[in-house]
Amino acid sequence: MPPKRPIAALFYAVLIFAPVYWLVTASVKSNREIMSGFSLLPQNPDFTNLTTIITDPDWYWAISMH
Amino acid sequence: MTVVKFAPHGHSSNMNSRATSLAYAYLAPALLIMLACGVVPLLFILFYSVHDTFAGNDFVWVGLRWYQDVLTSREFHWALLRSLGFSALVLAIELPLGIYIATRMPKQGWLASLLIVIIAIPLLTPTLVVGYIWKVMVMPKAGLFYELLNAFGFTLNMNTPWHVWGALAVMDAWHWTSLVVLLCYAALQTVPEEHYRAAQIDGASRWAMFRYVQLPRLRMVLLIATLLRLIDSFILYTEAYAVTRGGPGVTTTFLSHELVQKALIEFDLGQGSAMAVIYFAIVSVICWAFYTRIIPKVPHAT
């Protein structure tokens, strides 16, 4: 019987999402912040890592090669 | 296919054989591609596995010597045992957990949709990215998994074999339990509301409800899930390699790693090919056993 309050499923979804959340937040953190322990929100969001990747022509070649 | 086999004689049999040849004509492109991508490389491997070569194109017939070498090598035995052990471990985690989560999902509504999207994320993640995520996850300070265990007073040490096995099992469970959840969830959608209500009126316990109302619907998808997870975990390479490189020592060197080590790093073509053929035979036997021995015996839920 499907439960009225899906607590277990919600808990599981949080666990599944945690590494993805960590990955996304780490992409806008500085290396120093990543290595200095876990913080839920990035202190100074910095999008240079992402712009580096998105504007790097090598990266597009890497996609097309695989 | 059985329809064609047991067709009566005469007119209809003619019709059937024509339909059969048409079916083969339609299948031909797919069969050709399978032949080029699957069978031809396999024939090369078979050829290498019974020949020795001295740098170049001189091949000398050696019979079953490479097979003998592989089958009597301790590295092969241990790598095979580790692979089977890892498969057993992840199946023991993923099947019960997947079934449990599927039964705890809401049947419909926005929350069900949201949960399905989140649960499907690991299935869409490239295997190398999963390996990379978990390599960082188990690092001190930076790693979420390490820090989470640390908060409970457990220090993860990636030089201790059973810690590494645990980390790999958690990684595989993160990646693939979702598959079991989604398959079971889809099967559970077919249980009519009346069955639950009837069971409730009969005063069925939660366990009885699961055992006699839900589980019969899950049989077929669980078989498929078991087969998929068994084969996939048995041929696991990328994620485990990204996290551990087979270490510490050789404690997480699975059969796939052993094969790559033998064939591409030591560049022992003969033994490597023989190992590949044996590996392939094991996987084929598992699939064959599933399709001919186990699946036909499972009664279909109505």
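Letters A, B, ... mirror the listed sequences (proteins, then strands); counts begin at 1. Quick caveat, the model's predicted, so the values are computed rather than measured.
- Within 6.0 Å of the CZ atom in Phe280(B), the count of heavy atoms belonging to other residues, nucleotides or ligands does not exceed 12.
- Between Leu115(B) and Tyr12(A), the closest side-chain pair of non-hydrogen atoms is not below 4.5 Å.
- Residues Pro19(A) and Phe145(B) are not in side-chain contact: their nearest non-hydrogen atoms beyond the backbone lie 4.5 Å or more apart.
- If you measure heavy-atom distances from Leu97(B) to chain A, the contacts under 4.5 Å come from the side chain alone.
- Side-chain contact check for Ile101(B) versus Phe11(A): every heavy-atom pair is 4.5 Å or farther apart.
- There is no contact between Tyr146(B) and chain A, counting heavy-atom distances below 4.5 Å.
- Interface residue Ile118(B): backbone and side-chain heavy atoms are both found under 4.5 Å from chain A.
- Of all heavy-atom pairs between Arg104(B) and Ala9(A), the closest is O-CB, 3.6 Å.
- Here the straight-line distance linking atom CG of Leu15(A) with atom CD1 of Ile119(B) works out to 10.5 Å at 0.5 Å rounding.
- Between Leu10(A) and Leu111(B) the shortest side-chain heavy-atom distance falls below 4.5 Å.
- Looking at Phe210(B), neither its backbone nor its side chain comes within 4.5 Å of chain A, counting heavy atoms on both sides.
- If you measure heavy-atom distances from Val181(B) to chain A, the contacts under 4.5 Å come from the side chain alone.
- Between chain A and the residues Met105(B), Glu147(B), Lys107(B), Arg206(B), the largest count of heavy-atom pairs under 4.5 Å involves Met105(B).
- At a 4.5 Å heavy-atom cutoff, Ala26(A) makes no contact with chain B through either its backbone or its side chain.
- Under the 3.5 Å distance criterion, the side-chain polar atoms of Trp174(B) are matched with a main-chain donor or acceptor of Ile16(A).
- Per-residue counts of heavy-atom pairs under 4.5 Å with chain A were compared for Val191(B), Thr177(B), Thr125(B); the largest is that of Thr177(B).
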